[in-house]
Novice: 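Okay, here's the structure, questions in a sec.
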Amino acid sequence: MSTRDLLADSVSNALSTIARRDGLSVEVDPGAVHLERPARREHGDWSTNVALVTAKRAGTNPRALAGALVEQLTADPPLHVTSVEIAGPGFINFRLENGWLIDSLADLLAQGEEGYARPDVGHGETVQVEFISANPTGPIHVGNGWWGSYGDALARVLDRAGYRVSREYYVNDTGGQIRTLGESLLARRRGDDVPEGGYQGEYVNDLAAEFDGPDDVTAAGRWAAEQILDRIKATLASVGIIFDEWYSQASIEESGAVDDTIALLAEKGLVFEQDGATWFRATELGDTRDRVLRKANGDATYLAGDLAYHRDKFLVRGFDRVIDVFGADHHGQVASLMAGVEALGIDPARLEVRLGQMVSLVDGGESVKMGKRAGNAIALDSLVADIGPDATRILSLMSSLDQATTFDLASVREQSADNPVFYVQMASARIGGVGRKAVERGTVRAPLDQVDLTLLSHERELELIRCLEELPEVVAAAAEDRAPTKVTTWVRRLASSFHGFYHDCPILAEDVDPAVAQARLWLVEATRIGLAIGLGLLGVSAPEAM
RNA sequence: GCCCCCGUAGCUCAGCGGAUAGAGCACCGGCCUCCGGAGCCGGUGGCGCAGGUUCGAGUCCUGCCGGGGGCACCA
């Protein structure tokens, strides 16, 4: 049992003992009671606000309740606890002897990279994460890469936190955009200008030179989309983003699922005809206006396909939960999607839509406008070529999805040594260096049960263990909040703790006590495990040398 | 007009309702006969404004001011 759980149990037991004894009615709101590591070391190792949040309803004041709790806890102190004190308005602060940290280190080493930091927040729930889903009408841009890194890292985090995860890319391989792409391609092949509103990029020229099919707009469009999709797959693979499923919109339309979905909505009285089109009465379910499902020309709208698609996700494939990651420029479709999902009899709480705010690019102070049709978007490919896949991923996972970020291409290009990825990977490389140096000096790491970890008592060593000890909770929070960024923050902190330790605590130097060296070698191994887990969740490599 | 996101240090960003708000870059000053100095240590500097809820607000609520993105028979 973790120290946190141990303390939580003790506090809870002490509270009910006091409540019984003093006849207090204690109603504890479990979400409000926190057991946390104080930001300031002089406040102890652990702290709880339980007295502050329960005193009022118990009909007493926080400091009085805290006093009683302290008395109770002092009489029967939890493992490793050396003192319990009241502080400030009614916090209860615990001081522990270092044994609790040594225990957590031993625990980490026993569980290893596979087993450590696997909090079960998902309880085996199945969740589909759909992300990127950029139209295959041109190369994907940096924004797609940003949100893609988020989606992929989120999937990794959820997977580690006990969800059964499937990653999916919805391929818009049908409809007007594909026709426009086909027209652009054929125009280029004839040597004409691309028609108004068509795709202007270089890649259209390249594809036109290759295309030897007939003069059929749809066939040309589909062919081009396939080529482009192959490139998108290769680009994403280069930054470590792999999908379980590439789901074709055309296949949904051809299967008749769109017609079925519209029929289903019609049965519920939510469909009407107007101006030759078929409409969904979305206003009945909270949308701002009604929406067209089938256009007057007979084509299904994007929404109709999307509803059929979501019906497939929930009702056919049976995911417990679906997380759609969209760019903020698709915000407008959320309300109608939610309305449609609810109309189909699916609990809308099972669908989460996360909107990625825009990534604006500047290049040496010059702002760069992104637009696929104009062909001037910064391709993810070119960014990766500039700064590498690891830097691309960690930079995109530094800020939260809600934060519109500004990214200066020039600054990363010119001073890439200042890039945070180097700082973290330096820690990884130093760990590799320790291993190499140990071999060089003929030092062998002894089996763990023959090593005295309690020799780790330097403040740098303890701080490093404190950081490692937090990882399971960081993973849990990242999963619950759908915020893989929390892992990035933690990894950077771990790297910082490790650099400090490395600087002040020699491991293999001549004058280090061999027993201390052994304990430190295991601490280095624990750090390697922590870094491997953390960087693995971010999709960043942990090199043994740089 | 309506909806969503964001205003935190000079810049880019962190910050489960908790105690004295953090990091990187930039700037100033220290540390290499020592396992990787791409590192370590110290300093300068900040929550857009006004109310409210709370024992406690950068965090929650309302309004205002700024910035971004939406509001198609396009996807």
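Per chain, numbering begins at 1; letters A, B, ... match sequence-line order.
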Novice: According to a strict under-4.0 Å criterion, is A:R289 in side-chain N/O contact with OP1 or OP2 of B:rC73?
Specialist: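 For B:rC73, OP1 or OP2 has a side-chain N or O of A:R289 closer than 4.0 Å.
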Novice: For A:Y247 and A:D312, which I'm curious about, is there any donor-acceptor pair between the side chains at under 3.5 Å?
Specialist: yes
Novice: Could you tell me whether A:E42 contacts a base, only the sugar-phosphate backbone, or nothing, with contacts defined as non-hydrogen atoms closer than 4.0 Å?
Specialist: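 Base contact.
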Novice: On the side chain of A:S47, is there an atom forming a donor-acceptor pair with the base of B:rA19 - under 3.5 Å, no angle test?
Specialist: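 Check passes, donor-acceptor contact within cut-off.
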Novice: Is a donor-acceptor contact shorter than 3.5 angstrom present between the side chain of A:N49 and the base of B:rG18?
Specialist: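 Pair found.
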Novice: May I ask you to say what A:P62 touches in the nucleic acid, namely base, sugar-phosphate or nothing, with a heavy-atom cut-off under 4.0 Å?
Specialist: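 It contacts nothing in the nucleic acid.
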Novice: Can you check whether A:L464 reaches A:L456 side chain to side chain, under 4.5 Å on heavy atoms?
Specialist: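 No - every pair of side-chain heavy atoms lies 4.5 Å or more apart.
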Novice: Could you write out RNA chain B as dot-bracket? Rules: Watson-Crick or G-U wobble, both distances under 3.5 Å, brackets [ ] for crossings, | for pairs with another strand, dot for unpaired.
Specialist: (((((((..((((....[...)))).(((((.......)))))....(((((..]....))))))))))))....
Novice: Just checking A:R294: base, sugar-phosphate only, or nothing, at a heavy-atom cut-off of under 4.0 Å?
Specialist: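 No contact.
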Novice: Hydrogens and angles aside, do A:Q425 and A:D390 bring a side-chain donor and acceptor to less than 3.5 Å of each other?
Specialist: yes
Novice: Would you check if A:F91 stacks with the base of B:rG18, given a 5.5 Å centroid limit and a 30° plane limit, both strict?
Specialist: no
Novice: Using OP1 and OP2 only, check whether a side-chain N or O of A:Y502 sits under 4.0 Å from B:rG36.
Specialist: yes
Novice: Between A:H503 and A:R460, does any side-chain donor sit less than 3.5 Å from a side-chain acceptor?
Specialist: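 Judged by distance alone, the side chains do not pair up.
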Novice: Just to be sure I understand the rule, does A:R460 reach a base, reach only the sugar-phosphate, or reach nothing, if contact means heavy atoms closer than 4.0 Å?
Specialist: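 Contact class for A:R460: sugar-phosphate only.
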Novice: Check whether any side-chain heavy atom of A:T180 sits under 4.5 Å from a side-chain heavy atom of A:T137, and report yes or no.
Specialist: no
Novice: Under 3.5 Å, side chain of A:D290 to main-chain N/O of A:A282, donor-acceptor pair present?
Specialist: yes
Novice: Do A:H331 and B:rC3 share a donor-acceptor pair, side chain to base, under 3.5 Å?
Specialist: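 Between B:rC3 and A:H331, which were checked side chain against base, a qualifying N/O pair under 3.5 Å is present.
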